[in-house]
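The next block holds one structure in the form of structure tokens; read it before the comments.
To find a chain, count down the sequence lines: A is the first, B the second, and so on, and within it residues start at 1.
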2 protein chains.
Amino acid sequence: MQLNITDTLKKHQLSITDSRKKILSFFLQSANALAHADIEHKSGTEFDRVTIYRTLQTFVEKGIIHTIPTADNSILYALCKDECVAGHHHDDHVHFICDTCSTTYCLDHVSVPKVKLPKGFKAAQTDLVVSGTCNNCEQ
Amino acid sequence: MQLNITDTLKKHQLSITDSRKKILSFFLQSANALAHADIEHKSGTEFDRVTIYRTLQTFVEKGIIHTIPTADNSILYALCKDECVAGHHHDDHVHFICDTCSTTYCLDHVSVPKVKLPKGFKAAQTDLVVSGTCNNCEQ
DNA sequence: AATATTTTGCAACATAGTTGCACTGTACTA
DNA sequence: TAGTACAGTGCAACTATGTTGCAAAATATT
Ligand SMILES: [Mn+2]
Ligand SMILES: [Mn+2]
Ligand SMILES: [Zn+2]
Ligand SMILES: [Zn+2]
């Protein structure tokens, strides 16, 4: 069985608060990536905007969620796999953003290929984002 | 010989204005990608912020520059190769962002590998961004 | 239960980006 | 090359996004 919300927070040495439980639950309930604004809408006036920003930051630092770079100016967040811990992410999968429905998917089973860089360049992190039409929107 | 500034603008059916000439010259002079803020600094009070936004938008639409997605919340712009035209970019190269000096490179000779997507997903565009240490910052 | 520590909400601020509109500069045509 | 049509610019106002300091509240520790 999967870890429940409280256990996940404890595992990452975070104190259990209402906002953290709620925001983590949004990620567990959603199959796809979420933006700050999505969480703000889902939670209504329950928490302050600032609390959401700080909670997302904390979750990223602790390795609970990871960010997804996008071509427009928005940051998306999605749950990490279990291997991610504080300060060390292992999310080397491809991300897919649907141009039609805007849904963002973690393609956990598609891993980012190694690329050969010019002399003198050393890779620390590689992000691969594909955009197009998702399996829900194809007709 | 390379097209000069005015010719480039004409080629893309843009009227020749001071701001467009100046902003295009910044890209031609710079080996690396530029952010909106870089252009604002370089041009001082010569143009309004809004003009810079609109000029960058226009250049992207016309295929003169392309955007580079980054892990943080910033949009970077770099010159396109000649094949890019209005509404159709051909920038399938890898981008590299140095964690030390923040310089962003178009690795024109490193092309983005094809990735095999799950059933039902159709790729329109693929962005691959590598971060790490550039050849200038390695010791 | 009392205390130490962490987290939260609020206010204020900073930066980024957009839109409408009047004015100005550029392109086109006679 | 002057006149006109049109495209581009500057300004003001606005929205969205994100950050910081600090006092109050909630949580963890004893
Ligand atoms: Mn992911
Ligand atoms: Mn490029
Ligand atoms: Zn879709
Ligand atoms: Zn560097």
message: Measuring from the side chain of B:R20 (C-beta onward, heavy atoms only), which nucleotide among D:dG8, C:dT8, D:dT19 has the closest atom?
response: D:dG8

Straight-line distance of A:H95 NE2 to A:D108 CG, nearest 0.5 Å: 7.5 Å

- prompt: Ignoring hydrogens and angles, does a donor from either the side chain of A:R49 or the base of D:dG18 sit under 3.5 Å from an acceptor on the other?
  reply: yes

- prompt: Can you check the B:E46 CD to D:dT9 C1' distance for me, whole Å?
  reply: 13 Å

field: 5' priority, DNA chain C, between B:H36 and B:S15 [closest heavy atom]
entry: B:H36

task: Using whole Å, report how far NZ of B:K22 lies from C1' of D:dG10.
output: 17 Å

message: Rounding to an integer number of Å, can you tell me how far A:L34 CG sits from D:dT17 P?
response: 15 Å

Please tabulate, one pair per line, all N/O donor-acceptor pairs under 3.5 Å involving side-chain atoms of residues 25-34 of chain B, not counting sequence neighbours.
from: B:S25; atom 1: OG; to: B:K22; atom 2: O; distance (Å): 2.6
from: B:S30; atom 1: OG; to: B:N32; atom 2: N; distance (Å): 3.1
from: B:S30; atom 1: OG; to: B:N32; atom 2: O; distance (Å): 2.9

query: Counting side-chain heavy atoms from CB outward, which of D:dT19, D:dC11, C:dT18 is closest to B:D48?
result: D:dC11

- request: Using only heavy-atom distances, determine whether the side chains of B:S74 and B:T70 contain a donor-acceptor pair under 3.5 Å.
  value: yes

message: Is the ring pair A:Y53/A:H36 parallel, tilted or perpendicular, if the boundaries are 30 and 60 degrees?
response: parallel

- prompt: Expressed in angstrom and rounded to an integer, what is the separation of B:I52 atom CD1 from D:dG10 atom P?
  reply: 9 Å

- prompt: What is the distance, rounded to the nearest whole Å, between atom CG of B:D38 and atom C1' of C:dT15?
  reply: 15 Å

message: Check this for me: does the side-chain of A:R54 come within 3.5 Å of the base of C:dG9 through a donor and an acceptor?
response: yes

statement: Rounded to whole Å, OH of A:Y77 lies from C1' of D:dT17 at a distance of 11 Å

- line: Between CG of B:L56 and P of C:dG17 the distance, given in whole Å, is 10 Å

- request: Check the distance between D:dT17's C1' and A:E40's CD and give it to me in whole angstrom.
  value: 9 Å

- prompt: Taking only N and O in the side chain of A:T51, is any of them less than 4.0 Å away from OP1 or OP2 of C:dT7?
  reply: no

query: Taking the side chain of B:S19 as heavy atoms from C-beta outward, which of D:dG18, C:dG17, D:dT9 is closest to it?
result: D:dT9

task: Would you indicate which nucleotide in D:dT19, D:dT9, C:dA27 comes nearest to any side-chain atom of B:I16?
output: C:dA27

- prompt: What orientation do B:F121 and A:Y105 show, parallel under 30°, tilted 30 to 60°, or perpendicular over 60°?
  reply: perpendicular

field: Candidates C:dT8, D:dT9, C:dA16 - which lies nearest the side chain of A:T17
entry: C:dT8

message: Can you identify which nucleotide, out of C:dT18, D:dT19, D:dT27, has its nearest atom closest to the B:Y53 side chain?
response: C:dT18

message: For a quick check of understanding: with a heavy-atom distance under 4.0 Å over all strands, which category does B:Q13 fall into, base, sugar-phosphate or nothing?
response: nothing

query: Is B:Q57 near enough to C:dG17 that one of its side-chain N or O atoms lies under 4.0 angstrom from OP1 or OP2?
result: no

